[in-house]
Amino acid sequence: MAGLKFEVTRNTKPKPDAEREELLKAPVFGANLTDHQVVVVWEKDKGWHSAEVIPYGPIMMDPSAAVLHYGQEIFEGIKAYRHADGSIWTFRPEANAKRLQLSARRMALPELPTEIFVESLKQLIAVDGAWVPEPVDEKTLYIRPFEIAAENFLGVRAAQRAEYRVIASPVGPYFTGGLKPVSIWIALDSARAGKHGTGEAKTGGNYAASLLAQNEGYENGCSQVMFLDAESATYIEELGGMNLFFVYKDGHVATPALDGTILRGITRDSVVTLIKDRGLKLEERKITLDEVREGINSGEIVEVFACGTAAVITPIGQFKSRLETIGSADAEPGALTASLREELTGIQYGKVADRHNWLVKLSD
Ligand SMILES: *Cc1c(COP(=O)(O)O)cnc(C)c1O
């Protein structure tokens, strides 16, 4: 398995250098994709085979392909960072590989071995390295590995053929003009994940389930949605695509415990480690909306932030719902929030010592 060899077919019509350079000046997340993609096929009787790097382009798919009907789809999000010496690195790829395996188990898809996952990133960067932006303004290449049920069969069962693919898109800074606290919409009328559901899997369906509340949030001036537990709408879970942290006046930090309905964010896990490294108390436990409301109103909670690969660490200024507003939209980003963000991006760009060996080199 470790020996799976990638066949490389170069794109004969890559984006011209000048056009790519122009795009890299102000990349828009997800709008422009690189010149190549990775494909690895799995079949029930053959296992993983046919690993290839091919030109970026449409997937030829039969209308009866299982993914289009029963939603067997999982994905990952990981970035490639260019360091000052030109080398290209990524952050904790084994953790993403493990999570893709966890998502696969839950969605009855085949588990891609960790070494094929890491190799697939190296293979893509080997041909599309020029798409990794210079390390200014927090620009990176966002990499999107994903797996789909690719069997042409309308029967309801776990697909017997699947495809793993990797595509990538350059991204600019999430925040332009400095860190600005965002407003978060509290979903009171829809839940993202229930007990024993798919909340812990990084699967498209969870995102589909979050979009109605996201639209409601947009209509109310909020950029993201916070979901509560599906059963009692009492406990805070997470945002549609980011995990949450609360900083208290006495210096300790709390984040909702992973209970099977919350996505196991790799940024979350890294932030937990960085907080503990600083000697601060970190609690992973149940947190109620009542506690957050009272804490923010009384000044007991002094900072709130969300984290994920795309936006790294995002300060939160206020929470809103159809019933209330908690906090203030013009809050300043907190000191711990800003300093954790600085430290984490510093590690990713090779400017701060990588004490935990989180970085993996993709290319010289
Ligand atoms: C991807 C994701 C996160 C963040 O995970 P990272 O590994 O930190 O990028 C958080 N919540 C949800 C629902 C996600 O899909």
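For ligands, and for the atoms within them, numbers begin at 1 and follow the listed sequence.
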Student: Is a salt bridge present between Glu283 and Lys281, judged by a nitrogen-to-oxygen distance below 4.0 Å?
Tutor: yes

Student: For ligand 1 and Asn243, I'd like to know whether there is a polar contact (N/O to N/O, distance under 3.5 Å).
Tutor: no

Student: Which is closest to atom 7 (O) of ligand 1 in terms of heavy atoms, Glu200, Arg268, Arg99?
Tutor: Arg99

Student: Relative to atom 13 (C) of ligand 1, which among Gly240, Ala201, Ser210 owns the nearest non-hydrogen atom?
Tutor: Gly240

Student: Any non-hydrogen side-chain atom of Leu282 less than 4.5 Å from a side-chain atom of Glu284?
Tutor: yes

Student: Could you measure the distance from the NZ atom of Lys5 to the CD atom of Glu52? Nearest 0.5 Å is fine.
Tutor: 11.0 Å

Student: Using a strict 4.0 Å cut-off to heavy atoms of Gly265, name the atoms of ligand 1 that fall inside it.
Tutor: 5 (O), 6 (P), 7 (O), 8 (O)

Student: State plainly whether the residues Glu151 and Arg157 are in salt-bridge range, i.e. N to O under 4.0 Å.
Tutor: yes

Student: Report the nearest protein non-hydrogen atom to atom 15 (O) of ligand 1: residue, atom name, distance rounded to 0.1 Å.
Tutor: Tyr207 OH, 2.5 Å

Student: Indicate the atoms forming the closest heavy-atom contact of Arg106 with His196, along with that distance.
Tutor: NH2-O, 3.0 Å

Student: Looking at Lys15 and Asp35, what are the two nearest heavy atoms and their distance?
Tutor: N-OD1, 2.9 Å

Student: Under 3.5 Å between some N or O of ligand 1 and some N or O of Thr267?
Tutor: yes

Student: If you have a sec, work out which protein heavy atom is nearest atom 9 (O) of ligand 1 and how many Å separate them, to one decimal?
Tutor: Thr309 OG1, 2.6 Å

Student: Is ligand 1 less than 4.0 angstrom away from at least one heavy atom of Arg264?
Tutor: no

Student: For ligand 1, does Leu263 get within less than 4.0 Å through its side chain, its backbone, both, or neither, judged by non-hydrogen atoms?
Tutor: side chain

Student: Do you know which two heavy atoms are closest between His36 and Thr9, and how far apart they sit?
Tutor: CD2-O, 3.9 Å

Student: What protein heavy atom sits nearest atom 11 (N) of ligand 1, and how far away is it?
Tutor: Glu238 OE1, 2.6 Å

Student: Tell me, which protein residue and heavy-atom name are nearest atom 14 (C) of ligand 1, and how many Å apart are they?
Tutor: Lys202 NZ, 3.0 Å

Student: Which residue owns the protein heavy atom closest to atom 3 (C) of ligand 1, what's the atom, and how far is it?
Tutor: Gly241 O, 3.3 Å

Student: Just which atoms of ligand 1 are under 4.0 Å from any heavy atom in Gly308?
Tutor: 4 (C), 8 (O), 9 (O)

Student: Would Gly77 count as a polar contact of ligand 1, with the cut-off being nitrogen or oxygen pairs under 3.5 Å?
Tutor: no

Student: Inspect the contact between Glu200 and Arg264 and indicate whether a charged nitrogen and a carboxylate oxygen are less than 4.0 angstrom apart.
Tutor: yes

Student: Under 4.0 Å between a Lys/Arg side-chain N and an Asp/Glu carboxylate O for Asp259 and Lys195?
Tutor: no

Student: Mind checking whether Met242 contacts ligand 1 via backbone (N, CA, C, O), side chain (CB onward), both or neither, at a 4.0 Å heavy-atom cut-off?
Tutor: backbone

Student: Taking the non-hydrogen atoms of Arg192, is any one of them nearer than 4.0 angstrom to ligand 1?
Tutor: yes

Student: Assert yes or no for the condition that the ring centre distance of Phe91 to Trp358 is strictly below 6.0 Å.
Tutor: yes

